[in-house]
Amino acid sequence: MSITPLMPVYPRCGVRPVRGDHCHLIDEDGTRYLDFASGIAVNLLGHSHDGLIGAIQRQAATLMHVSNLYGSPQGEALAERLVDKTFADTVFFTNSGAEAVECAIKTARAYHQQAGNGERYELITFKNAFHGRTMATISASNQEKMHKGFMPLLGGFKYVDFDDLEGAKAAVGPNTAGFLVEPIQGEGGIRPASDAFMKGLRALADEHDLMLVLDEVQCGVARTGKLYAYEHYGIEPDILATAKGIGGGFPLGACLATENAARGMGFGTHGSTYGGNPLAMAAGMAVMDAVANDEFLAEVTVKGERIRARLEQFIGNYPDLFELVRGKGLMLGIKMKVESRPFFVHLRDNHQLLTVAAGDNTLRVLPPLVIGDAEIDEFFDKLSAGAADYVIPEAV
Ligand SMILES: *Cc1c(COP(=O)(O)O)cnc(C)c1O
């Protein structure tokens, strides 16, 4: 047998973390890495947050799991908190981002089918989007590398260029149920949608009674300096998928919706065995306690602006390597003029700096939201050293 016990779907690198220490990861052999990847925008409180650890420990010792057949004081409390802080009136808890998007897709379809409009099942989605790895969520993306080997796709998705309002408008037809969009594309290369695009989609949705569904799995939960990124655009969605940061490292996601949008989601229409169990709710509540307040969000904005200003200055020293900086808050991307993946590997292996590679030759900078000046300085030390001794690999 040559297949590995872990199904070999990830090309795993040599970094093998066994311990976290605030904003650092410590490898099996004791090497310390500065973690500006955060498990891909997950560990927003870093790796040793007392509030989060304590909440999980206490809940684990009290009650970890019960079925959703029983009443859930823990779920009600977190759902109420999210309803209080967002556009939403109701929440369905999941264990991952893809499941949150799945629930969002079902909610958008059910909105029309409940009203007897079964022909309105199609969601308009946007090129280079990433919505997860289930059959529905790979079908929602036009990226062929995720489709290969898994045909046929699920029907009911139409792909349009990202940030192209005219294209979106032209795609609306009798089968359209709504739009599914990341306000800031993550895997696609930290590409924020324009104001005009997001406002335009909202207006189109209003005009044609369509669902505006946001995938905020990566950009949500304080990452951009707002609790959710839609707040930057002065609009509200009908349905929103959130995950990644919301559990701070504990597997948790949620589908948020207005009362109107959730009209098709009655008893028996959807479910999840683990979704919203007391342990997950304790983690989610600890994260909300830490991030869902103006002081914390303002600090994310300030830190994001500080890093961005220094990055803009820094990339000017290497005009052959870097093109521009984009993003919002602490969701930043450095678009490179050369392939970004080998540079990301160089930073990781030669300078013990963890970032994330993304589409469009972009290097994702996604630090824990609790970084301080010391971590920011360390980041720039490592990045500067990494740029200074980088040798662009020969094209093969
Ligand atoms: C990561 C991600 C997902 C999928 O989340 P999983 O927890 O991996 O299922 C969906 N949408 C976006 C925008 C993401 O970044």
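Order of listing sets the numbers, starting from 1, for every ligand and every atom in it.
- For T224 and H232, the side-chain atoms include at least one donor-acceptor pair closer than 3.5 Å.
- When each of Q185, K335, M331 is paired with I190, the side-chain contact (heavy atoms from CB on, under 4.5 Å) condition holds for M331 and for no other.
- Paired with H24 under the rule side chain to side chain donor-acceptor pair (under 3.5 Å), one option of E378, R19, Q352 passes, and it is E378.
- A 6.0 Å sphere centred on CZ of F314 holds more than 12 heavy atoms belonging to other residues, nucleotides or ligands.
- Here the closest heavy-atom approach between residue K199 and residue Y233 is recorded as NZ-O, 3.1 Å.
- Proximity of the aromatic rings of F126 and F197 is defined here by a centroid distance below 6.0 angstrom, and this criterion is met.
- Using a heavy-atom distance under 4.0 Å as the criterion, the protein contacts of ligand 1 are S96, G97, A98, F130, H131, G132, E182, D215, V217, Q218, K244.
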